[in-house]
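FYI, the numbering just counts along the sequence from 1. Every value quoted in this text rests on a predicted model; they were computed, and no experiment measured them. When reading the values below, keep in mind they use all heavy atoms of this one structure, side chains included, and skip hydrogens, waters and symmetry mates.
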Amino acid sequence: MKMAWRSVATSILLCTAIAGAAPGTWEFRDGRWQQLPAAATQPAASDPTLDRVEQFLDAGQWKPARLTILQWLTDNPGSPLRDRGLFLIARVYFEKDDRIRAFYHLDELHDAYPESRYFYPALELKYKIAEEYLSGHKDTFLGMPIIDREGEAVEMMYRIQQTSPGSPLAEKALLRTADYYYADLQYDLAADAYAIYAKNYPRSPAVQKVLLRRAFSSLAQFRGIKFDPTPIIDARSQLADIAQQYPKLAEEENVNAVIEKIDSTFASKTYGLADFYRRTHEPNAAVYTYRLLIKAYPTSPEAAAAKKWLTKMPASALAMPEPTINVDFGGIGTTPEPR
């Protein structure tokens, strides 16, 4: 069953970089995550039993690996190599296609051994598990792959960000979560996630695509001129920013045509409001709204119709002050209409 997990998008915003080392292929140094060269990564401490488990896994033999590593973990609860044991048991369950249990052991490694050399490799395996679930992998029941884990996978992606805020995998996990919401038509969550990504990673090469998808996610939430216009207002503002900051992208994606379509929608909505005031005998409000329409969308068909109606309005209403508009937002942000 698919779940919204609305808390995820909100909670991600709280993740900021922390000064906690995560040795392995990446390390947090001097206020940022840095990739270590292979020569700087210390080899794992040797243990005959753990070495044998690793050999089993490398040969694709997870069953003997499972029996061996479970016995070792039972016999060595306080071993200084327990972090390696947890990583190996996670690998065993991953190969066994018990991904949830594998993720549980990786979480235990991260919580108990933040200085472990397996910290980042474990993070990468976590991401692989979550990514495969989001890409359609299903758990088996009675031998059939039928259990959907997409909801759990979103939580997994959040755990990756929570465990290593500011890391390359945290950035990747946030973007993958946003893309999942977008593909799954959960546009409210997609817009939130893309906004958080753009704020946290403004220099990312993906930021242009992110901003565009945030705008389209906002636009997709607009249900029509009779409903709340906030999503389409947000979408127009976001698209206008893209057109200004990234003109090449705007041209490739035909952003200006979308903005024109939005303006046409607003013109229709504004005309409908003015017409409502006219039909309900509110001439002051009708005149104000007709004038607002003409100023904001002067070339629209609705503006031409508004001009005709103004000629039929009473002189007292026509004596009302002209409306002021924020031209940067196509008539949005106007002063309240008089009643």
Residues pairing under salt bridge (Lys or Arg N to Asp or Glu O under 4.0 Å) where one sits in residues 299-309, two or more places apart or in two chains, turn out to be none
Quick one about Asp83 and Ser116 (side-chain donor to acceptor, distance below 3.5 Å, no hydrogens or angles considered), yes or no? yes
Could you tell me whether Arg84 and Glu54 make a salt bridge, using a distance below 4.0 angstrom between a side-chain N and a carboxylate O? yes
Candidates Val207, Leu212, Val255 - the one meeting side chain to side chain contact (heavy atoms under 4.5 Å, CB included) with Tyr246: Val207
Which one of Asp275, Leu273, Thr270 satisfies the side chain to side chain contact (heavy atoms under 4.5 Å, CB included) criterion with Tyr290? Asp275
Side-chain heavy-atom pair Tyr288, Asn284 within 4.5 angstrom cut-off: no
Close side-chain approach of Thr177 and Tyr158, heavy atoms under 4.5 Å: no
All ring-ring contact (aromatic ring centres under 6.0 Å, His included) counterparts of Tyr187, not counting sequence neighbours: Tyr182
For Lys209, check salt bridge (Lys or Arg N to Asp or Glu O under 4.0 Å) against everything at least two apart and list the hits. Asp179
Answer yes when Arg236 and Asp241 have at least one side-chain N-carboxylate O distance shorter than 4.0 Å, and no when they do not. no
A cation-pi test, strictly: NZ or CZ of Lys126 under 6.0 Å from the centre of the six-membered ring of Phe103 and no more than 45 degrees from its axis. Yes or no? yes
For Tyr197, side-chain hydrogen bond (donor to acceptor under 3.5 Å, both in side chains) partners two or more places apart: Glu171, Ser204
In terms of side-chain heavy atoms, does Asp263 have a donor or acceptor partner in Ser300 at a distance below 3.5 Å? no
Can you tell if the side chain of Tyr181 reaches within under 4.5 Å of the side chain of Asp192, non-hydrogen atoms only? no
For Asp47, what residues pass the salt bridge (Lys or Arg N to Asp or Glu O under 4.0 Å) criterion, not counting sequence neighbours? none
Output all residues satisfying side chain to side chain contact (heavy atoms under 4.5 Å, CB included) with Thr265, sequence neighbours left out; order by chain, then residue number. Phe222, Ile225, Ile232
Could you pull out all residues at least two apart from Arg101 that satisfy salt bridge (Lys or Arg N to Asp or Glu O under 4.0 Å)? Asp98
Which residues share a side-chain hydrogen bond (donor to acceptor under 3.5 Å, both in side chains) with Asp75, sequence neighbours left out: Gln71
Quick test of your reading: applying salt bridge (Lys or Arg N to Asp or Glu O under 4.0 Å), list the pairs with at least one residue in residues 129-141, sequence neighbours left out, ordered by first then second residue. Arg99-Glu132, Glu131-Arg176, Asp139-Arg149
With sequence neighbours excluded, residues passing salt bridge (Lys or Arg N to Asp or Glu O under 4.0 Å) with Arg91: Asp58
Residues two or more places apart in sequence or in another chain: which of them pass side chain to side chain contact (heavy atoms under 4.5 Å, CB included) with Glu252? Lys248, Leu249
Does the side chain of Tyr133 come under 3.5 Å of the side chain of Glu150 through a donor N or O and an acceptor N or O? no
Applying side chain to side chain contact (heavy atoms under 4.5 Å, CB included), can you list everything that pairs with Pro298, at least two apart in sequence or on another chain? none
